[in-house]
Amino acid sequence: MNKFAFTLAEVLITLGIIGVVAALTLPTLIQTNKNLEVEAKLKKFYSIMNQAIMLSELKNGDYNYWPAPCGNTTCEEYLAKYYKPYFTTIKLTKFNSYGGNNVAYYFNDGTAVVFKAEGGKFDIFFFPNAKNLDPDNFAETNDDGSIASRQGSGISYFPFQTIPPNDESGHTMKRFRNKKFSPYIHDLRCWSEACLTDPGNTWACHKDAPLKGWCTALIFYHGWKIPKDYPFKVR
């Protein structure tokens, strides 16, 4: 009976081919899995926030009559009354980068969220992985204290906002005019992928945009799915 065996050279060649294939495919598989994780957490957080506001209304009255965030109280006190009772949090921190008044909640599922009062609303930054929240590098500012860039926006964290009660400013898109919480839509004038990714707009979800504020809205636009041509690798 004839016996067949692989030579050492054949084994090494085969292992080399397997290694090359793995090196080419594993990063894609890992990123695909990360995308799915971020999508699920974004959708969950959106639901949690809307439910929190709805439950808070039962105790604190109609949202449209809530005072401006942090107006007559500290931000921490305001959040403790209107939002925190409806979250499951394990830790709270405060930090002052980018103008101060940042309150961060850490959740028991490993995510975190930063609330920042801006006029009659909150800008809200959701971190699918709380380990990516670095208070010292939350945003880059100009000499006058204004925001210069948010390098992590749409990558390690995702902007949302509350809608100002009885908003008549014209800055909220008609699509979200009667909402109470939404993806970040400041200065967004139309609802299309072309608008959300416009390279000429500082808020666009585009690699050359400094603020990238509309990346959450772009994912929302696709039904909480990260599009195949999304310009960043999420973390």
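The structure presented is a predicted model; accordingly, all values stated were derived computationally and were not measured.
A heavy-atom distance below 4.5 Å is found between the side chains of Thr162 and Tyr63. Annotation: side chain of Met49 is not in contact with side chain of Val113 (no heavy-atom distance under 4.5 Å). With a 4.5 Å cut-off on side-chain heavy atoms, Arg189 and Cys195 do not count as touching. Side-chain contact between Tyr105 and Leu79: present, with at least one pair of heavy atoms (C-beta onward) separated by less than 4.5 Å. Counting heavy atoms from C-beta on, the side chains of Thr216 and Tyr184 never come closer than 4.5 Å. By the 4.5 Å heavy-atom criterion applied to side chains, Asn102 and Pro135 are not counted as neighbours. Between His222 and Glu193 the shortest side-chain heavy-atom distance falls below 4.5 Å.
Environment of CG in Asn72: sparse, with no more than 12 heavy atoms of neighbouring residues, nucleotides or ligands closer than 6.0 Å. Environment of CG in Asn178: sparse, with no more than 12 heavy atoms of neighbouring residues, nucleotides or ligands closer than 6.0 Å.
Of all the heavy atoms in Thr111 and Asp109, the pair that sits closest is OG1-OD1, 2.6 Å. Residues Phe127 and Ser156 come closest through the heavy atom pair CD2-O, 3.5 Å. Minimum interatomic distance between Ala217 and Trp191 (heavy atoms only, all atoms of both residues): O-CH2, 3.7 Å. Scanning all heavy atoms of the two residues, the minimum distance from Ala204 to Ala209 falls at O-CB, 3.3 Å. Taking every heavy atom of both residues into account, His186 and Trp214 meet most closely at O-NE1, 3.0 Å. When all heavy atoms are compared, the tightest approach of Ser153 to Lys212 is OG-O, 2.9 Å.
For the ring-ring contact (aromatic ring centres under 6.0 Å, His included) criterion with Phe115, the lone passing option out of Phe122, Phe125, Phe160 is Phe122.
For Tyr46, the ring pair (Phe, Tyr, Trp, His ring centres under 6.0 Å) partners are Phe181, Phe220, Trp224, not counting sequence neighbours. Listed by chain and residue number, Glu37 satisfy the side chain to side chain donor-acceptor pair (under 3.5 Å) test with Lys41 (two or more places apart in sequence, or in another chain).
Other cluster members for Leu58: Leu55, Tyr86, joined by side-chain heavy-atom distances under 4.5 Å among Ile, Leu, Val, Met, Phe, Trp and Tyr. Taking Ile, Leu, Val, Met, Phe, Trp and Tyr as members and joining any whose side-chain heavy atoms lie under 4.5 Å apart, directly or through other members, Met54 forms no hydrophobic cluster with any other residue.
When ring centroids are compared, Trp66 and Tyr82 come within the 6.0 Å threshold. Checked against the 6.0 Å centroid criterion, the rings of Phe158 and Phe126 do not qualify as a close aromatic pair.
For the disulfide bond (SG atoms under 2.5 Å apart) condition, the pairs that include at least one residue of residues 199-235, sequence neighbours left out, are Cys205-Cys215. Residue pairs meeting the disulfide bond (SG atoms under 2.5 Å apart) criterion with at least one member in residues 48-91, sequence neighbours excluded, are Cys70-Cys75.
Cluster annotation: Phe45 and Leu36 are assigned to distinct hydrophobic clusters (Ile/Leu/Val/Met/Phe/Trp/Tyr, side-chain heavy-atom contacts under 4.5 Å, transitive).
At least one cation-pi condition fails for Arg150 and Tyr157: the charged atom is not both under 6.0 angstrom from the six-membered ring centre and inside a 45 degree cone around its axis.
No donor-acceptor contact under 3.5 angstrom links the side chains of Glu39 and Asn35, judged on distance only.
Salt-bridge annotation for Glu57 and Lys180: present, with a side-chain N of the basic residue lying under 4.0 Å from a carboxylate O of the acidic one.
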